[in-house]
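The chain is numbered in sequence order, starting from 1. Computed from a predicted structure; not experimentally measured.
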Amino acid sequence: MRSTTRRLIRGLCALLVLGGLPPVAAAAADGPGHERPAARPTTDWRIDLAAASADQHNIGHRGNGALTIADRRARTTSAPGRAFAVYTAPARSLGRQADALTVRPRAHVPAGTQVVTEVRGSDHPGRWTQWTTPDRAGRLRLAQAVSVVQVRLTLLGSRTAGPVVSAVSVHADLAQPAPRAPRALTAASPTYRIFATREGLAGQTTANGHVIQQRDHFVALPSRRMLASNGGQEYQVRLCYQRTGRCETAPVWDVGPWNTQDDYWNPSAQRQMWRDLPQGTPEAQAAYQSGYNGGLDEFGRGVANPAGIDVADGTFWDGLGMTDNDWVDVTFQPSGDTGGQTSVTAWTEANVRSCASTSCGGVSKVYANQSYPANCWKTGQVVTAEGYTSDKWIELPLSAGGVGYVSGIYLKGDATGGVTRQCGT
């Protein structure tokens, strides 16, 4: 749509009024990618190691297209004494759902260096599985079926050598995923009381490439499984400090304290390490309090406190009002109001239609990062857009009376934008 027309429509439509959404002339497309038939499913591809849109830190690009560590003096605290670089490739749409993949990097890995390969998937915009590491054969199974996949490469080196990645091939098994019970954080947002320490380290670099600022707002967890992108909010925790009564929701931008493979928030059978510990108990806490693992962390260091989360200075001092390391209540991937959401937030511009189908005329619009009242959700036409497929439509009240429907694809949160009540119930 031309910018003049877009400005005219925006001028005619107030984004949100007390009675609901204003009417607007119908348009053919519901979002920036429009509805369209599903593309031919993608089963095999190579990661673009030169993508301009990749999220990368300290990556060196060789003339033959290979990746390596640009500056071997660069460090991050989660990899003590090792050079560090990270490359997160752009997300890739599969054209349908899958949960089983094979990822095979082709790399030269000298002694003392390492390439950490991780994969995550999405079944709805803004919602990702936790990062998963392939087995030695490159195989992995995600916690749920997804239609979008992303690969992250972390390169670890020494002062004298670094790994060189020349190619990464990916195969997606597009056979219909077998029904499985939801795993790790998909059903609820668990809360545990965890000992928190102040991270500090202003000017140093986190595991996702973020340079720590004075009074920064983020946290570190001792596993890469919930490490968000640099500046990203896709993995968060909500911290509440009982002594002050203050809470803050913060993104996960670093790995630590103590360990790097201790996803203690997951069920014990799914943890990367320490599977004999109860869910919600960090290894450092068990080592400090009861001598677990000889009182050592994964690197063989003596554990000097029971910390399971590091808190950046701004969150520590300003958000929570903490003055010293202490116990806090931590909710993983907080979902907001569990009593039933009555509003939705769009992540992009999209049409609101008179029925739950693209064959019906447009009666209004929603706009990126704006919130709107919502009544309920219903099943309607299957829509494929932006690499996702969904048959969920959300009913919104209109200011002129009546209701309209927007595809859940264009709303933040889960498949129904966080609305829990089904229409007609």
Side-chain angles (χ1 to χ4, degrees), residues 55-58 74-80 84 86 88 126 128 130-131 152 154 185 189-260 262-265 282 284-285 304-337 345 347 369 371 412-413:
D55 180 14
Q56 52 189 307
H57 170 76
N58 196 32
R75 296 288 186 271
T76 183
T77 56
S78 61
F84 156 78
V86 60
T88 304
W128 291 93
Q130 294 182 41
W131 291 99
R152 179 170 68 192
T154 300
L185 302 182
S189 301
T191 300
Y192 305 107
R193 180 152 290 187
I194 304 297
F195 192 78
T197 48
R198 183 175 72 85
E199 175 143 349
L201 305 177
Q204 296 192 32
T205 302
T206 69
N208 70 358
H210 171 72
V211 177
I212 301 174
Q213 305 299 305
Q214 297 286 345
R215 299 188 106 89
D216 221 335
H217 287 257
F218 67 88
V219 301
L221 293 176
S223 168
R224 302 178 59 84
R225 284 188 166 177
M226 277 183 59
L227 178 65
S229 56
N230 188 357
Q233 305 286 322
E234 61 269 40
Y235 303 107
Q236 297 180 324
V237 297
R238 182 165 179 79
L239 305 96
C240 291
Y241 187 39
Q242 192 175 52
R243 293 182 187 273
T244 62
R246 292 162 67 173
C247 299
E248 178 174 313
T249 298
V252 184
W253 286 353
D254 204 2
V255 177
W258 298 111
N259 294 303
T260 64
D262 184 23
D263 52 326
Y264 59 82
W265 53 89
Q285 178 181 331
N305 60 50
I309 188 169
D310 273 340
V311 182
D313 289 355
T315 301
F316 190 93
W317 287 324
D318 305 325
L320 300 178
M322 298 179 70
T323 58
D324 198 1
N325 301 333
D326 205 350
W327 297 89
V328 298
D329 293 319
V330 183
T331 301
F332 292 81
Q333 292 291 70
S335 57
D337 179 11
T345 302
W347 64 271
N369 300 315
S371 297
K412 294 183 179 181

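Here the closest non-hydrogen pair linking His217 and Trp253 is O-CZ3, 4.2 Å.
Shown here are the side chain to side chain donor-acceptor pair (under 3.5 Å) partners of Thr244, two or more places apart in sequence or in another chain: there are none. In this view, Tyr192 satisfies the ring-ring contact (aromatic ring centres under 6.0 Å, His included) rule with no residue, not counting sequence neighbours. With sequence neighbours left out, Trp258 forms a side chain to side chain donor-acceptor pair (under 3.5 Å) with Asn305. The side-chain contact (heavy atoms from CB on, under 4.5 Å) search around Glu234 returns Arg120, Trp128, Ala228, Ser229, not counting sequence neighbours. Every side-chain contact (heavy atoms from CB on, under 4.5 Å) that Ala312 has, sequence neighbours left out, goes to Asp216, Phe218. Partners of Asp263 by salt bridge (charged side-chain N to carboxylate O under 4.0 Å, His left out), not counting sequence neighbours, listed by chain and number: Arg225. In this structure Asp55 satisfies the salt bridge (charged side-chain N to carboxylate O under 4.0 Å, His left out) test with no other residue, sequence neighbours excluded. Annotation: side chain to side chain donor-acceptor pair (under 3.5 Å) contacts of Asp326 (sequence neighbours excluded): Tyr241, Arg243. Partners of Arg75 according to the salt bridge (charged side-chain N to carboxylate O under 4.0 Å, His left out) rule, which considers only residues two or more places apart in sequence or in another chain, do not exist here.
At a threshold of 4.5 Å between non-hydrogen side-chain atoms, the residues Ile194 and Tyr264 count as touching. Looking at Asp262 and Ser223, their side chains never come closer than 4.5 Å, going by heavy atoms from C-beta outward. Residues Thr205 and Phe84 form a side-chain contact, since some pair of their non-hydrogen atoms from C-beta on lies under 4.5 Å apart.
Sorted by first and then second residue, the salt bridge (Lys or Arg N to Asp or Glu O under 4.0 Å) pairs with a member in residues 196-209 read Arg198-Asp313; sequence neighbours excluded. Within the structure, disulfide bond (SG atoms under 2.5 Å apart) contacts touching residues 219-248 (residues at least two apart or in different chains) are Cys240-Cys247.
Considering CH2 of Trp265 and CD1 of Ile309, their distance stands at 9.0 Å, rounded to 0.5 Å. One finds the CG atom of Leu221 at 9.0 Å from the CG atom of Leu227 (value rounded to the nearest 0.5 Å). With rounding to the nearest 0.5 Å, the separation of OG1 in Thr206 from CG in Leu201 is 10.5 Å.
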Please set out all donor-acceptor pairs under 3.5 angstrom arising from side-chain atoms of residues 316-324, sequence neighbours excluded.
{"residue": "Asp318", "atom": "OD1", "partner": "Arg215", "partner atom": "NE", "Å": "3.4"}
{"residue": "Asp318", "atom": "OD1", "partner": "Arg215", "partner atom": "NH2", "Å": "3.1"}
{"residue": "Asp318", "atom": "OD2", "partner": "Arg215", "partner atom": "NE", "Å": "3.0"}

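The neighbour count for Gln242 CD, taken as heavy atoms of other residues, nucleotides or ligands under 6.0 Å away, does not exceed 12.
Screening Asn259, Val255, Asn208 for a side chain to side chain contact (heavy atoms under 4.5 Å, CB included) with Ser78, the sole residue that qualifies is Val255.
Between the side chains of Glu248 and Thr315, at least one donor N or O sits under 3.5 Å from an acceptor N or O.
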